[in-house]
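First comes the structure, then the notes that go with it.
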Protein chains: 2
Amino acid sequence: MDQGLRIFITVAKTRSFSRAAEELHLTQPAVSQQIRSLESRYDTRLFERNNKSVELTPAGKILFREGTEILNQYARTKRLIEDLTQSANGPLSLGASYTFGEYVLPPVLAKFCAHYPQIRPKVTIHNTQRIAEEVRRRMLDIGLVEGKIDHPELEILPVSEDELFVTLSANHPLASAGKVHVKDLADERWILRENGSGTRDVANQFFKDTGLSPKNILEFGSTQVIKESVETGLGLSILSPWSFRKELLLGTLHTLSVQGISMRRHFYALTRATSFHTKAMDLFLDFLTPELHNHPFPTTHAHLSLEPPQNEGL
Amino acid sequence: MDQGLRIFITVAKTRSFSRAAEELHLTQPAVSQQIRSLESRYDTRLFERNNKSVELTPAGKILFREGTEILNQYARTKRLIEDLTQSANGPLSLGASYTFGEYVLPPVLAKFCAHYPQIRPKVTIHNTQRIAEEVRRRMLDIGLVEGKIDHPELEILPVSEDELFVTLSANHPLASAGKVHVKDLADERWILRENGSGTRDVANQFFKDTGLSPKNILEFGSTQVIKESVETGLGLSILSPWSFRKELLLGTLHTLSVQGISMRRHFYALTRATSFHTKAMDLFLDFLTPELHNHPFPTTHAHLSLEPPQNEGL
DNA sequence: ATACACTATAAGATATTATTATTTATAAGG
DNA sequence: CCTTATAAATAATAATATCTTATAGTGTAT
């Protein structure tokens with residue numbers, strides 16, 4: 001930041017060009033050169049150097065004293081700014097898509113807040129597109145979304161895997177089938193999130209892959225309503241187990257694997273590619289991935305192997 | 001010598017990347033780039049820039065304040081070194097508190113400038129506290145204040161005595177009393193500078209010493225307004241004769257001595273304790289004290305003994 | 001909707017700063 | 001004296017940093 005001055009101060013302290021060079025991990029000519037350039041800038045000799053010794057001239061003494069203060073102030077400034085930013089505190093605005101925000105995020109966030117009480121997270125829930133847009137516009141520090149986003153201004157970091165399943169009422173004829181064939185689902189009624197939601201994207205892909213073209217689709221804007229509708233036997237849905245952990249534990253909802261089809265996707269964290277991260281942001285990002293691996297990720301079928309995902313005490 | 005910092009400061013002052021570029025004879029991208037590199041060095045945003053405005057962030061404000069000082073010190077260092085070889089010249093930044101700056105300093109400064117035309121003094125007027133702070137922060141070479149300052153980083157040099165007097169209109173019943181007793185002042189209305197000013201401090205001390213607790217105090221922020229108000233008979237004030245020499249000469253204001261009470265104080269010159277003095281600084285300090293003794297110091301009552309303090313040709 | 005006033009970004013040119021290799025000067029030891 | 005050791009200066013070159021030119025976004029105002 002002012003290398004010349006730093007070199008000068010070191011020479012003055014060590015009374016040697018060579019020692020100074022060592023100390024600064026530079027070569028001796030680099031030191032000679034910087035001193036020469038300072039001397040020409042101030043238009044005076046700064047050191048009296050007769051081959052055995054290096055001594056400050058009067059001008060050098062002034063520069064040494066003032067320069068020391070300047071370097072101190074650089075250091076002080078850096079510290080002041082670090083105190084301001086590096087201390088992990090202040091606001092952290094998170095945006096999450098529905099599934100992530102409503103089901104995955106809360107326990108993680110609770111733990112995060114316990115760890116870093118000075119950080120005050122604020123969560124906004126929207127669909128993936130909107131979240132991405134708001135991260136880009138700096139309205140959000142971090143976006144947490146279900147679908148892949150490709151935008152040059154956004155940095156995308158996969159934080160967790162997710163697998164969606166065909167979900168149905170425990171009273172449904174297929175409920176205990178576990179694994180079924182595509183054709184078994186041909187005549188079912190489906191209850192899905194609206195188009196545009198990440199979950200619906202996966203469902204649409206599922207229908208495309210399986211060749212199913214269901215005539216009977218109900219669209220609800222709320223996962224909560226969908227779950228309750230499925231529980232009453234109104235139809236089947238395609239959901240992330242994250243969103244119906246409780247229902248799996250209670251046994252009111254079951255999942256099906258469909259022969260040869262898996263509906264995997266990732267959760268991603270989005271940040272602006274070009275912006276700086278606050279300390280709080282980095283802490284959260286570092287916290288997120290391991291934390292999601294701690295929470296036993298509910299990939300398997302409820303009736304086969306579900307473990308209480310957290311201390312939810314059944 | 002630290003181009004990045006210089007660019008940053010210019011941007012902060014102009015609140016514009018483009019203006020800063022012009023001012024520094026650079027192109028706008030050069031400015032953008034330096035700001036970006038500073039931002040990455042400090043790992044935080046320094047400006048909040050939306051297309052219409054450029055504003056300092058909290059971190060930016062810190063860097064602006066500290067950085068300004070750093071640049072000042074670079075400049076000062078250069079001057080100090082130049083002083084070694086050259087004769088006294090260049091800038092001399094003086095800060096003075098109100099009474100000193102507005103009434104005492106001007107004639108001294110005029111004479112000083114006549115003696116040393118190559119020195120270019122710059123005067124800033126503020127209250128004593130602020131002046132001391134700016135000397136400490138190296139924003140000022142010399143501070144000239146009315147109150148005693150005790151700070152380890154400051155060197156304090158008494159330059160002159162001052163005695164304040166109760167001041168009143170020539171038409172006031174007590175105007176020709178010369179010496180009065182405390183109780184004569186019990187029911188007067190007072191017109192004083194605001195709290196925090198050095199002059200007001202003395203007034204407050206006066207009330208404490210005399211046991212007067214005036215119910216009727218008007219506060220004005222300007223000594224000029226106070227004088228005119230006192231002239232019209234609105235009330236009494238407590239002022240330094242320095243600030244109403246003309247009115248004493250004209251006979252529109254008179255002073256009173258209060259039995260057993262004197263309001264003496266000193267004017268002090270402040271410099272940084274640890275720093276070098278430029279030649280200009282030393283010359284000014286050496287010039288100041290004898291000069292103030294030359295100007296007949298108006299301690300006595302106007303109607304008794306005032307001499308024209310300078311060639312003001314009555 | 002278009003122009004305009006700004007800042008951001010990218011790529012290449014220039015300037016600055018560091019390195020390597022070599023030279024000069026002085027002191028110390030034989 | 002001559003040799004060797006140590007320290008700084010110098011020159012040529014390599015690596016960085018810093019500018020400029022050209023261009024792209026992005027809001028605001030007309």
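As a basis for the values below, the full set of heavy atoms in this structure was taken, side chains included, without hydrogen atoms, waters or symmetry mates. So that the names make sense, note that chain A is the first sequence line, chain B the second, and so on, each numbered from 1.
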Q: Name the orientation class of the two ring planes belonging to B:F8 and B:F47 (parallel below 30°, tilted from 30 to 60°, perpendicular beyond 60°).
A: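 Plane angle between 30° and 60°, so tilted.
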
Q | Test item: B:S97 side-chain N/O and B:N127 main-chain N/O as donor-acceptor pair under 3.5 Å | A |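 Side chain of B:S97 to backbone of B:N127: no pair is present.
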
For [X] and [N], what is the distance between atoms [atom1] and [atom2] respectively, to the nearest whole Å?
| X | N | atom1 | atom2 | result |
| --- | --- | --- | --- | --- |
| B:R19 | C:dT7 | CZ | C1' | 12 Å |
| A:Q34 | D:dA17 | CD | P | 13 Å |
| B:F17 | D:dC19 | CZ | C1' | 16 Å |
| A:H25 | D:dA15 | NE2 | C1' | 19 Å |
| A:I7 | C:dA18 | CD1 | C1' | 9 Å |
| B:M1 | D:dT18 | CE | P | 15 Å |
| A:L38 | D:dA9 | CG | P | 13 Å |
| A:Q3 | D:dT18 | CD | P | 11 Å |

Q) Is the number of heavy atoms from other residues, nucleotides or ligands within 6.0 Å of CZ (A:R15) greater than 12? A)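 For A:R15, atom CZ is not crowded (no more than 12 foreign heavy atoms under 6.0 Å).
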
Does [N] have OP1 or OP2 sitting under 4.0 Å from an N or O in the side chain of [X]?
| X | N | answer |
| --- | --- | --- |
| B:Q28 | D:dT20 | no |
| A:S32 | D:dA8 | no |
| B:R36 | C:dT9 | yes |
| B:R49 | C:dA8 | yes |

Q) How many angstroms lie between atom CG of B:N89 and atom CZ of B:R79, to the nearest 0.5 angstrom? A)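 Here the interatomic distance stands at 10.0 Å.
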
**Q.** Among D:dA9, D:dC19, D:dA22, the nucleotide that comes nearest once only the side chain of B:P29 is considered
**A.**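 So the nucleotide nearest the side chain must be D:dA22.
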
**Q.** Nucleotide nearest A:S18 when distance is taken to its side chain, options D:dA8, C:dT7, D:dT20
**A.**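 Closest of the options to the side chain of A:S18: D:dA8.
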
Q | First of A:V54 and A:Q33 reached from the 5' end of DNA chain D, by closest nucleotide | A |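 It is A:V54, whose closest nucleotide lies nearer the 5' terminus.
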
(Q) Could you tell me if A:R49 sits above the aromatic ring of A:F17, with its cationic atom closer than 6.0 Å to the ring centre and no more than 45 degrees from the axis? (A)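 Cation-pi check for A:R49 and A:F17: fails.
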
Q. With a 4.0 Å cut-off on heavy atoms, is A:R15 in touch with a base, just the backbone sugar-phosphate, or nothing at all?
A.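 Counting heavy atoms under 4.0 Å across all strands, no contact is made by A:R15.
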
Q) Reckon B:S16 touches a base, only the sugar-phosphate, or nothing at all at heavy-atom distances under 4.0 Å? A)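 Sugar-phosphate contact only.
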
